[in-house]
Amino acid sequence: MSEPADLVVVGAGPAGMAATAAALAGGLRVVLVDSGTALGGQYWRHPPEHARAAVRTDDLHHGLRAYRALCRVLTAHRAAGRLDLRLEHHAWSAVREGDGFAVHVVDRRAAPRETAGVLRTPRLLVATGAYDRQLPFPGWDLPGVLTAGGLQALLKGGGVAAGTRVALGGTGPFLLPVAAGLAARGVEVVAVCEAAHPSAWLRRPGPLLRNPAKWAEGAGYAAALARHRVPVYPRTAIVAAEGGERLTSVRIASLTPDGRPRPGTERRVEVDTVGVGWGFAPQLDLLVPLGCALADSADGNAVAAVDAGQRTTVPGLYTAGETCGVGGAALAVNEGRLAAQSVLTDSAAGAGHGGMNGRLAAVRSAVARQRAFARAMPLAHPIPPAWSSWLTDETVVCRCEEVTAGAVRTARADGAHDHRQVKQLTRAGMGWCQGRMCGPAVHCLTARERAYEPAERLVATPVTLGALADLDEGTPPRTTTTPQAPTTTEAPPTPQAPTTSPAPTVNGATDKECS
Amino acid sequence: MTLKIVVVGAGVVGAACAFHAASAGMDVTVVDRGPVGAGTTSRGEGNVLLSDKEPGPELALARLSRTLWDEAGRELGPASLELEPKGGLVVASTAEGLAALGEFAARQEAAGVRVEPVDRVRDLEPRLAPGLPGGVHYPQDAQVQPVLAAAALLRAAVRHGARFRTGEVVGAVTAGDRGRITGIRTSAGDVLPADAVVNAAGTWGGEVGRRLGAPVEVLPRRGFVLVTEPLPPRVRHKVYSADYVAGVASSDAGLETSCVVEGTRGGTILIGASRERVGFDTTMNPAVVARLAAQACRLFPFLRGVHLMRTYRGFRPYCPDHLPVVGPDPRVPGVVHACGHEGAGIGLAPATGALVTAHLLGHPWRGADPAAHTGLLPDRFLSCGGAPQ
C-alpha cells in the first residue's frame, strides 16, 4: 500500500473484520493488525492457512458463512492494495500523535525474531475483544487446569483436544460450545458445572425471546450434549482441583443461591483436564492509556464508554465488540459496522461513500436487541457472591507471583482498598500476566461493590528490549553499538532489512503473507 | 508538653517524618489524599544511592540516610523493606568518561563515600558488554522496595502512637501576630490542630506549601521505568553508565535518558530512568521507552532477548537548584518543608525524617543536626522580605 492509511484497526476478530470490510467498502484505506496467524480472532479462530487442509475445524464453528464472506471481502481489497493486513503483529502501545495516532507494533512473523514498527493513522479502531475471566480455587494452579477459552482455542486453532476426561466449570452459555466441541472430538466430558440455574432466564424471558438465534444456538448445543451424554449440572461448581504432579480429580459441589457449597454435596470426580470460565473480561489495554472514559457494565467489568456510533470519548478513537461490553460475535459484527460508519462520517471521505446507507437502521436495531441480551446475560449468569468461601488462606490467587488469598486478605486488613494497592503491597498482578488472570479476583476480594477497572498497562503485550532498541536506533539492520557490538551467544539473530520498501507511514515492517 | 504534628503526605518521606517524630515522642497525624506510598513513592526504583551525588548538602543528607536505612532495617526487619545492600557499579563507556568518573569518585571519597575503582567491570558483572574501559564500585549503594518501606515506616509510626487519616489539605489555620500555624483545614471541612505542619507532599509540595501560605517551587519531572520479565539473577548491582550522574544534575528541559539497570528480588530487571519536563502529563511515550531499552542493551547485550513486561512513570519533584527543601519556613512559623527530593526521595527519606524531627525538637536527632544541613533550608529561595526570589 503506497498511500497513508485512513484507519488502523487493531484486532481481526468479528468486530475488527466487519469494521474493516465496511470501511473498505466506504472507500477508506485500512491497516488491519492482529496477533494471530489467521483472520478470525478468538471466536473464529482457525489454524494457519497452510494447515487448514490437514486440520478440519469447520464443525466447531458457528456463523462460518459470515466469516467466509468477510474473508472474501478483505482478500479482494488486499489484492487491490487498499487493505494492508498485518497478521502476527502485536500492538504493544497506541499513543496520540498530532491529530492522529501512532500504533506501535511488533512483527513476530519470524519469531523469535521481533521487529518493532509504527503505524500512523488519523483514526484508530480498537477491537481487541476479551479474555476468560478466572476465579481462583484450591488447586487451580495445577497442570491440567485450563480456561474454557483456552480449551476452545486449542480445538479451533489446532484441532487439539487437551485431555481425555474433562470437567468444565464456571458460568455462562460459553461452556456449552466448549463441551460440545470437546465431545465431538471424542473427549469424555464428565461434567459441565454451571453455577447459575437456567430458571434465571425464565425470570427475564424478554431478551431471549427477542433473540431467537441465541435460543436456537443454545438448543443446538443442548442437543449435541444430550447426544454425547454430557451431563450439565446447574447451580454446581468445581470448588477444588486435586493431584500431585498434575491434576487427577476435581471436587464438585452443589451451591446455595449465594454460591456457597452445600454441605454434604461435595463429590470427587476423576479427570485429567479442567476448563473453567466465569464470563469474560474486556481487553482494554490499548484504550485505557489513551485516556478514553470507562463505563460500568452489568457483568462487573468496566468497559469502554461509547456513543451510539461506537465513538469513545477520545476524538478519532473508536471501539467495537467486547471492549465496550461482552455480548458475543453477532453483536460485535454489528458494532464493527457501526464503528466503520462513524469513521466514514467523521472522515472527509464519508460524504462521497455511503458505506451502508439503508442497512444502517437495521444494524442499529439489531444492536439494540443484541445489547439487551448482553445485559440480561450477567443477570442470569452472575459470579456467585460467596465464591470466595471456596478459598482457603493458602489458595494461590496470583499464580505468577504466588500470592495467596491469605496475603490478599492481610493487605486488605492493612488498608488496601483496591487491587492496585494490593498489588503494591503483595506483588499480586506484577508477574508475567500483569494481573490479567488474577485482577478480577483480587478486585472481587477487595472492592466487589465497584466495577472492575483493570490496572493501566502501558505495555499491552510483552516486547523484547532488542526490538525496542532497534526502533530507537533507526531500525534494522542494527548499527554497531557502543562500546562495541555484543558477541554473546544470547543475542538474538540480527534482524534483516525489509525485502520490500515499507509504506511511507510504516517503520520496519513488511507487508506480505496472510490467509 | 507533647508537640502535635501534622504530616501532609504519606509517601516514603512523610512516612519517615512520621516514624522519627513519633519515635521522638511527638503526637503525629499523617494526612494524605490516598493510601500510603501511592504517589511518586510507588513510581521509583527504590534507589538508596551515594554514587550519583556530588559532594555537597545532598550527599551529606544521603550519607546520614544510608546509616538510618540500616537502622530502620534492624528496627523494622530488613525483609519488611526489602533492603538490599547490593552496591552500585558505575561504568564508563570511553577512556575520557573513565577519567572524568575517576575524578568525580575521588572527590566523593574525600567527602566520605567508599569508592573502589574497577578495571575489569565484568569481574563484578559478568554479563556487561565486553570492551568497557572500567568503572567505580560503590559498596554503600542499596535498594529498598519503596511502597513496602513506606508502609513499614508508617506502621512503625502508628506503633509509636501516630495516626493516619485520609484527607486533602485545603488551608492553614493560623493565630497571633506572626501568623503561627495552629492547624490545617481539610477538604472534608475538618480542622486538625497542630503545633507544626510538615509539608511532605512530594511532587505536590509546591501546591501544599501554597495552601499553607508558604509556597515553595517544586516542579514535576516525568520519568519512565521499564520492568522486564522475571529472570534468574543476572544483574547483581545497580549498574549505570557514567552519563547518569550528568543527567541527575541537569536542568535541561528536554528528554534525558541515562540508564540504570538492576535486578530485583522478584526476578525482574528494572531499567530507569528518563527525565522529562512535561508538567503532569501522564501520556505514554514509546520513544522514551525505546531509548532506555537501547541504552540498557548497550550495557547488557543479553537484554536484547529479554521481554519488556511493563513500564510505569512518575513525577519526580524537583526544586530549581535540584536540592530538596528541608526545614522550617520563616514566613509561616510552624510550617516545616520536607519535599523536592527529585529522584532521590527514597534514599533520602530516613535522614529527611530525622532532620525534620531535629528541627521540631530544636536539637539533633539520630545523627541529624540542623546546623549541619543549612544548605537545604527554604531560606535559600527567599529574599530578605520573605518573598520567593
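Proteins get letters first, then strands, A, B, ... in listed order; numbering begins at 1 in each.
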Residue pair A/A469 / B/R304: nearest heavy atoms and the distance that separates them: CB-NH1, 4.0 Å
statement: OG1 of B/T268 to CE of A/M430, rounded to nearest 0.5 Å, is 8.5 Å
- line: Minimal heavy-atom distance between A/G466 and B/C297, with the atoms involved, is N-SG, 4.2 Å
field: Portion of B/P35 that has a non-hydrogen atom of chain A nearer than 4.5 angstrom
entry: side chain
message: Can you tell me which portion of B/A151 sits under 4.5 Å from chain A's heavy atoms? Options are side chain, backbone, both or neither.
response: side chain
query: Side chain, backbone, both or neither: which part of B/Y312 has a non-hydrogen atom closer than 4.5 Å to chain A?
result: backbone
field: Taking every non-hydrogen atom, the tightest pair across B/G305 and A/T464
entry: O-CG2, 4.1 Å
task: State, to 0.1 Å, how close B/M309 and A/G431 come at their nearest heavy-atom pair, and which atoms those are.
output: SD-O, 3.5 Å
message: If the threshold is 4.0 Å, N to carboxylate O, is there a salt bridge linking B/R310 and A/E456?
response: no
B/M284 side, atom CE; A/W92 side, atom CH2 - distance, nearest 0.5 Å: 4.5 Å
statement: Bottom line for B/T94: the part with an atom under 4.5 Å from chain A's heavy atoms is neither
query: Measuring from A/D472:CG to B/R298:CZ, what's the distance to the nearest 0.5 Å?
result: 7.0 Å
message: Taking ring-ring contact (aromatic ring centres under 6.0 Å, His included) as the cut-off, I'd like each qualifying pair that reaches into residues 450-470 of chain A, sequence neighbours left out, listed once.
response: A/H419-A/Y452, A/H443-A/Y452
- prompt: Just how far is it from atom CZ of B/F300 to atom CG of A/L465, taken to the nearest 0.5 Å?
  reply: 12.5 Å
message: Looking at chain A, which one of B/P286, B/A296, B/A293 has the largest number of heavy-atom pairs inside 4.5 Å, strictly under?
response: B/P286
- request: Using ring-ring contact (aromatic ring centres under 6.0 Å, His included) as the criterion, list what pairs up with B/F315, not counting sequence neighbours.
  value: B/F280
- prompt: If contact means a heavy atom pair closer than 4.5 Å, which residues of residues 93-101 of chain A contact chain B?
  reply: A/S93, A/V95
- prompt: Which side-chain hydrogen bond (donor to acceptor under 3.5 Å, both in side chains) pairs, counting each pair once, include a residue from residues 427-441 of chain A, with sequence neighbours left out?
  reply: A/D285-A/R436, A/E401-A/R427
query: Between CG of A/L468 and CG of B/L303, what distance do you get to the nearest 0.5 Å?
result: 11.5 Å
- prompt: Which answer fits A/Q424, side chain, backbone, both or neither, if we ask what part of it has an atom under 4.5 Å from a heavy atom of chain B?
  reply: both
